[in-house]
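Input: a single structure, listed below in structure tokens.
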Amino acid sequence: MAMPLRQSIKVATYLFEQKLRRRDKFPLIVELEPLFACNLKCEGCGKIQHPAGVLKQRMPVAQAVGAVLESGAPMVSIAGGEPLMHPQIDEIVRQLVARRKYVFLCTNAMLLRKKMDSFKPSPYFAFAVHIDGLRERHDESVAKEGVFDEAVEAIKEAKRRGFRVTTNSTFFNTDTPQTIVEVLNYLNDDLKVDEMMISPAYAYEKAPDQEHFLGVEQTRELFRKAFAGGNRSRWRLNHSPLFLDFLEGKVDFPCTAWAIPNYSLFGWQRPCYLMSDGYVPTYRELIEETDWDKYGRGKDPRCSNCMAHCGYEPTAVLATMGSLKESLRALRETVNGNHG
């Protein structure tokens, strides 16, 4: 995986500590949503469907930081909504980085160049820019022209200033192996982003567009063809080798949504950020009072077509740590920057 060696070591140490403490459920990364408001209306997202009163709310800094510390997770993905619309997002990031949490600030980049002065480059911090395709395809997915060009310029500026920049790309049934290859080649070779994360679209129940989500077999065929010809080994994908095997259908895993819990303005969300079966105020209640065994493909109809990284990447990471062969494979690819 393309994860920097320092981060890989910290995560591996954390996982070993959980094993020593005989914990069977623990967070790998927290999805933190300090607001739901956004400056775009993406077809595959339902966050801005919340009432106006909710969209005006902003999570206090102490609450956001406190939730991450309560969970104990070594990594944090700050999403929303658009996090850069939060007036104290820089302070949330600063406090988390000061505690040596690895922070990924997910953004559509529309405000990134304007807000960049508020942040400092750090090995513990990265901007994670959402890119769903090249210009025409991306702008169509976010329902606004010019977003792709602005994101590209923001990425270039962030890289110039020494920031670590990753990307997150979601693919739908309107994508082809060629469209995936084109965008990942561009991000990898032209923009030279540090790492890329990919995920098949999940049928998010509040999304305006419900017609273009991928099924399991569609997903496997799509990624199997996209990864062909040495592409998988060349791209700097921020995923464990086993998760990429999973996307291709070489292996199958159960969902471990508990490893990437979501904390938002409503509290800890059951069971994951893609489904909402209620909220609880504490992380302990989320873990101990959620019937995790009833979720996943073959158990809950809503999970039937899900292969999203939030549910299956943690399973792949845990499977890697439980196998000497896979651990050595992941370490080799981390050191060599090779993902094949």
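Nothing here was measured: the structure is a model prediction, and the numbers come from that model.
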(request) Could you tell me whether K115 and D90 make a salt bridge, using a distance below 4.0 angstrom between a side-chain N and a carboxylate O? (result) no
(message) Quick check against the 3.5 Å criterion: does N188 have a side-chain atom that pairs as donor or acceptor with the backbone of R236?
(response) yes
(request) State the OG1-CG distance between T107 and N168, to the nearest 0.5 angstrom. (result) 11.5 Å
(request) May I ask you to say whether D149 pairs ionically with R135, meaning some side-chain N is under 4.0 Å from a carboxylate O? (result) yes
(request) Taking all non-hydrogen atoms of both residues into account, name the closest pair between V317 and S240 and its distance. (result) N-OG, 4.3 Å
(request) Look only at the side chain of S199 and the backbone of A308, and say whether a donor-acceptor pair between them is shorter than 3.5 Å. (result) no
(request) Determine yes or no for a side-chain-to-main-chain donor-acceptor pair under 3.5 angstrom, with T167 supplying the side chain and V129 the backbone. (result) no
(request) For E31 and A79, work out which heavy atoms get closest and say how close. (result) OE1-CB, 4.2 Å
(request) For Y295 and M275, run side-chain contact (heavy atoms from CB on, under 4.5 Å): C-alpha distance rounded to whole Å, both residues' side-chain angles, the deciding distance at 0.1 Å, then the answer. (result) CA-CA 10 Å; Y295 296 105; M275 292 166 56; 3.8 Å; yes
(request) Please name the pair of heavy atoms, one in V97 and one in S122, separated by the smallest distance, quoted to 0.1 Å. (result) CG1-OG, 3.7 Å
(message) Measuring only between side-chain heavy atoms, which start at C-beta, is I78 closer than 4.5 Å to I92?
(response) yes
(request) I would like to know whether V30 and W268 meet side-chain contact (heavy atoms from CB on, under 4.5 Å); could you show each step before the answer? (result) CA-CA 10 Å; V30 168; W268 294 98; 4.2 Å; yes
(message) Please identify which of these residues, L105, V93, L96, meets the side-chain contact (heavy atoms from CB on, under 4.5 Å) condition with V76.
(response) L96
(message) Checking salt bridge (charged side-chain N to carboxylate O under 4.0 Å, His left out) between E248 and each of R220, R224, K225, R232, which is the one that passes?
(response) R232
(message) Assigning hydrophobic clusters by single linkage (Ile, Leu, Val, Met, Phe, Trp, Tyr; side-chain heavy-atom cutoff under 4.5 Å), is M197 placed with L187?
(response) no
(message) Take a 6.0 Å sphere around NZ of K159 and say whether it holds more than 12 heavy atoms from other residues, nucleotides or ligands.
(response) yes
(request) Please test F223 against L244 for side-chain contact (heavy atoms from CB on, under 4.5 Å), starting from the C-alpha separation and ending with a verdict. (result) CA-CA 9 Å; F223 285 105; L244 300 180; over 6 Å; no
(message) Is it the case that over 12 heavy atoms from other parts of the model lie below 6.0 angstrom from the NZ atom of K120?
(response) no
(request) Indicate yes or no for a side-chain donor-acceptor contact from D277 to the backbone of R270 under 3.5 Å, with no hydrogens or angles considered. (result) no
(request) May I ask you to decide if Y124's main-chain N or O and R100's side chain share a donor-acceptor pair within less than 3.5 Å? (result) no
(request) With rounding to the nearest 0.5 Å, note down the distance linking CG in D175 to CD1 in I180. (result) 5.5 Å
(message) How close do L28 and P314 get, counting heavy atoms only, and between which atoms?
(response) CD2-CA, 4.3 Å
(message) Quick check against the 3.5 Å criterion: does K294 have a side-chain atom that pairs as donor or acceptor with the backbone of D300?
(response) no
(message) I'd like to know if R94 pairs up with E91 as an ion pair, taking the criterion as any Lys NZ or Arg NE/NH1/NH2 lying under 4.0 Å from an Asp or Glu carboxylate oxygen.
(response) yes
(request) Kindly say whether N108 contributes a backbone atom to a donor-acceptor pair with the side chain of H130 at under 3.5 angstrom? (result) no
(request) Measure across V152 and Y186 and return the closest heavy-atom pair with its distance rounded to 0.1 Å. (result) CG1-OH, 3.5 Å
(message) Between F227 and W235, is there a side-chain heavy-atom distance shorter than 4.5 Å?
(response) yes
(request) Please determine if E157 and R160 form a salt bridge, counting it only when a charged side-chain N lies under 4.0 Å from a carboxylate O. (result) yes
(message) What I'd like to find out is whether the side chain of I260 reaches to under 4.5 Å of the side chain of P27, using heavy atoms alone.
(response) no
(request) Let me know which of F16, W258, Y283 forms a ring-ring contact (aromatic ring centres under 6.0 Å, His included) with F26. (result) W258
(message) Are the side chains of D117 and R161 in contact, using a 4.5 Å heavy-atom criterion?
(response) yes
(message) Under a 4.0 Å threshold between the charged nitrogen and the carboxylate oxygen, would E195 count as salt-bridged to R164?
(response) yes
(request) To the nearest 0.5 angstrom, please state how far the CG atom of N173 sits from the OG1 atom of T219. (result) 9.5 Å
(request) Measure the shortest side-chain to side-chain distance between I9 and R6 over non-hydrogen atoms and say whether it is less than 4.5 angstrom. (result) no
(message) For the backbone of I287 and the side chain of W292, can you confirm whether one donor and one acceptor N or O come within less than 3.5 Å of each other?
(response) yes
(message) Just verifying a value: how many Å separate M307 CE and E313 CD, rounded to the nearest 0.5 Å?
(response) 12.0 Å
(request) Salt-bridge test for E182 and R137: reply yes if a basic N is under 4.0 Å from a carboxylate O, no otherwise. (result) no
(request) Carefully, step by step, assess V142 and D132 under the rule side-chain contact (heavy atoms from CB on, under 4.5 Å). (result) CA-CA 9 Å; V142 300; D132 281 347; 5.6 Å; no
(request) Mind checking the CG-CZ spacing from L247 to F171? Nearest 0.5 Å is all I need. (result) 10.5 Å
(message) Could you tell me if the side chain of R297 sits less than 4.5 Å from the side chain of Y312, heavy atoms only?
(response) yes
(message) If you take the centroid of each ring, where Trp contributes its six-membered ring, are H239 and F246 closer together than 6.0 Å?
(response) no
(request) Please indicate whether E285 has more than 12 foreign heavy atoms, meaning atoms of other residues, nucleotides or ligands, lying under 6.0 Å from its CD. (result) yes
(request) To the nearest 0.5 Å, tell me how far S264 OG sits from M59 CE. (result) 6.0 Å
(request) State whether K156 and D190 are salt-bridged, where the test is any N-O pair (Lys NZ or Arg NE/NH1/NH2 against Asp/Glu carboxylate O) under 4.0 Å. (result) no
(request) Considering non-hydrogen atoms only, spot the tightest contact between P74 and K10 and give its length. (result) CB-CE, 4.5 Å
(message) Under a 4.0 Å threshold between the charged nitrogen and the carboxylate oxygen, would K299 count as salt-bridged to D291?
(response) no
(message) Ring centroids only, cut at 6.0 angstrom: are F163 and F119 within range, meaning strictly under it?
(response) no
